[in-house]
There are 2 protein chains.
Amino acid sequence: MKMVDEAEVTAAAIGPCAAIPAEHMGFIRETLDRVGDKWSLLIIAVLEPGPLRYTDLQRQVPGISQRMLSLTLRQLAEDGLITRAAYAEVPPRVEYTLAPLGRGLHEIVTSLIGWAADHHDEIRANRERAATTGS
Amino acid sequence: MKMVDEAEVTAAAIGPCAAIPAEHMGFIRETLDRVGDKWSLLIIAVLEPGPLRYTDLQRQVPGISQRMLSLTLRQLAEDGLITRAAYAEVPPRVEYTLAPLGRGLHEIVTSLIGWAADHHDEIRANRERAATTGS
DNA sequence: CTGCATCCTCGTTGATACTG
DNA sequence: CAGTATCAACGAGGATGCAG
């Protein structure tokens with residue numbers, strides 16, 4: 001719960017200076033660094049259909065190393081975006097599930113992915129045209 | 001194709017493969033690396049109210065270096081997310097404007113920022129609790 | 001199977017100085 | 001004012017090996 005009233009935020013946003021007041025830059029960057037890193041978003045995305053085990057994740061996110069998988073998973077769990085359920089059995093089994101918080105984020109992620117899917121051709125074209133023009 | 005292990009079966013049972021097919025991973029990552037980097041999103045955000053000059057951007061995005069500002073600006077322009085208008089006058093003047101493509105992205109960005117604003121306290125709390133529990 | 005520790009590489013960033 | 005060029009530093013990330 002933040003103590004700032006929404007109207008006040010909006011008023012500040014449309015104000016003369018910037019869409020994002022300096023006070024907000026901090027946690028925006030902070031949050032973005034979490035979800036915007038190389039793997040978090042992908043993990044959240046593949047976790048959406050249902051719980052997955054460590055090895056499954058490694059298979060479904062091609063290119064990720066064990067190190068990064070462990071690291072990202074831990075971080076995501078610490079942030080409460082996913083939950084970790086470890087079964088002390090033999091063989092060991094650990095399942096990762098999308099927590100409600102992560103699920104909320106997934107909505108946004110889906111939008112972003114949709115946008116990427118819709119416009120990546122356009123972006124590509126723009127980039128190549130720029131490269132051609134520039135050379 | 002008959003080497004179907006349990007993980008594959010489980011994944012298949014939940015859904016076809018994943019929320020994100022492997023074919024999409026590429027440009028998702030590609031797009032995310034664009035907009036998810038340290039500065040692009042901030043620049044897009046501050047550009048939303050209207051065109052800004054180089055120095056204005058440097059002022060409104062505190063902490064950014066000239067190098068990163070130039071780099072990010074150029075990349076954004078090449079991708080067609082912003083437009084660059086240079087007036088060969090004296091003194092030199094260059095204005096950067098949010099292009100339609102960038103404006104579309106801004107919608108998503110706004111959602112993400114909203115989510116960050118709504119949940120950063122929660123994330124913080126979760127993280128600290130995890131740290132406490134873990135130690 | 002799950003995951004951590006170590007080492008090492010390499011890309012990204014920032015500081016500084018310089019040009020049109 | 002609006003950049004570009006060079007250098008140095010930092011940190012993310014990959015490979016490997018080992019432990020529970």
Side-chain angles (χ1 to χ4, degrees), chain A residues 25 29-43 46-47 51-79 82-97 130 134-135, chain B residues 5-11 25 29-30 32-43 46-47 51-79 82-97 130-131 133-135:
Chain A
M25 291 269 185
R29 281 294 316 283
E30 193 178 329
T31 306
L32 274 183
D33 282 352
R34 285 302 160 135
V35 304
D37 71 357
K38 215 170 178 180
W39 305 110
S40 297
L41 233 39
L42 272 337
I43 291 180
V46 301
L47 232 36
L52 284 179
R53 300 178 56 175
Y54 185 84
T55 314
D56 296 333
L57 283 164
Q58 202 169 9
R59 285 189 353 106
Q60 298 217 6
V61 184
I64 194 170
S65 62
Q66 287 187 330
R67 174 192 155 83
M68 278 300 104
L69 183 54
S70 295
L71 241 49
T72 310
L73 247 22
R74 175 145 35 103
Q75 204 134 59
L76 252 26
E78 281 177 0
D79 289 356
I82 67 176
T83 55
R84 195 190 110 115
Y87 304 92
E89 308 164 345
V90 61
R93 187 171 51 119
V94 181
E95 279 188 349
Y96 295 91
T97 314
S135 65
Chain B
D5 68 339
E6 317 205 12
E8 200 165 339
V9 171
T10 303
M25 290 270 185
R29 281 294 315 284
E30 194 179 327
L32 273 183
D33 282 352
R34 285 303 159 134
V35 304
D37 71 356
K38 215 171 178 181
W39 303 111
S40 296
L41 232 40
L42 272 338
I43 290 181
V46 301
L47 232 38
L52 285 178
R53 303 176 54 172
Y54 185 86
T55 314
D56 295 333
L57 282 165
Q58 204 168 9
R59 284 191 346 110
Q60 298 217 7
V61 184
I64 195 171
S65 61
Q66 287 188 328
R67 174 192 156 84
M68 278 300 104
L69 183 54
S70 295
L71 242 49
T72 310
L73 246 23
R74 175 143 34 104
Q75 203 132 58
L76 253 26
E78 281 177 359
D79 288 358
I82 66 175
T83 55
R84 195 192 109 115
Y87 304 92
E89 310 166 345
V90 65
R93 186 171 51 119
V94 180
E95 280 189 348
Y96 294 92
T97 313
T133 304
S135 65

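Convention: sequence-line order gives letters A, B, ...; per-chain numbering from 1. Computed from a predicted model, the values in this text were never measured in an experiment.
- When the P atom of D/dG3 is taken as reference, atom CZ of B/Arg74 falls 10 Å away, rounded to whole Å.
- For D/dA15, the OP1/OP2 oxygens have no side-chain nitrogen or oxygen of A/Arg67 closer than 4.0 Å.
- Rounded to an integer number of Å, the gap from B/Asp37 CG to C/dT12 C1' is 10 Å.
- Look at CG on B/Leu71: it is 10 Å from P on C/dT12, rounded to the nearest Å.
- As judged by a 4.0 angstrom heavy-atom cut-off over every strand, B/Ser70 is placed among the base-contacting residues.
- One can place CG of A/Leu69 at 13 Å from C1' of D/dG14, the figure rounded to the nearest angstrom.
- Distance check: A/Leu52 CG to A/Arg59 CZ gives 9.5 Å after rounding to the nearest 0.5 Å.
- Computed from coordinates, the B/Tyr54 OH to D/dC1 C1' distance equals 10 Å when rounded to whole Å.
- For the side-chain contact (heavy atoms from CB on, under 4.5 Å) with A/Ser40, the qualifying choice from A/Asp79, A/Leu76, A/Ile82 is A/Leu76, the only one to do so.
- Between the CE atom of A/Met68 and the C1' atom of D/dG14 there is a distance of 8 Å, rounded to whole Å.
- Rounded to an integer number of Å, the gap from CD of B/Gln66 to C1' of D/dA5 is 12 Å.
- Nucleic acid contact for B/Tyr96: sugar-phosphate only, since backbone atoms but no base atoms lie under 4.0 Å from a heavy atom of the residue.
- The A/Ser65 side chain lies nearest to D/dG14 when the options are D/dG14, C/dC1, C/dG14.
- The only option from A/Leu41, A/Val61, A/Asp56 that meets the side-chain contact (heavy atoms from CB on, under 4.5 Å) definition with A/Val46 turns out to be A/Val61.
- Per the geometry, CZ belonging to B/Arg59 stands 14 Å off C1' belonging to D/dC1, to the nearest Å.
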CA sep, side-chain torsions, deciding dist, call: B/Arg53, B/Leu57, side chain to side chain contact (heavy atoms under 4.5 Å, CB included)
CA-CA 6 Å; B/Arg53 303 176 54 172; B/Leu57 282 165; over 6 Å; no
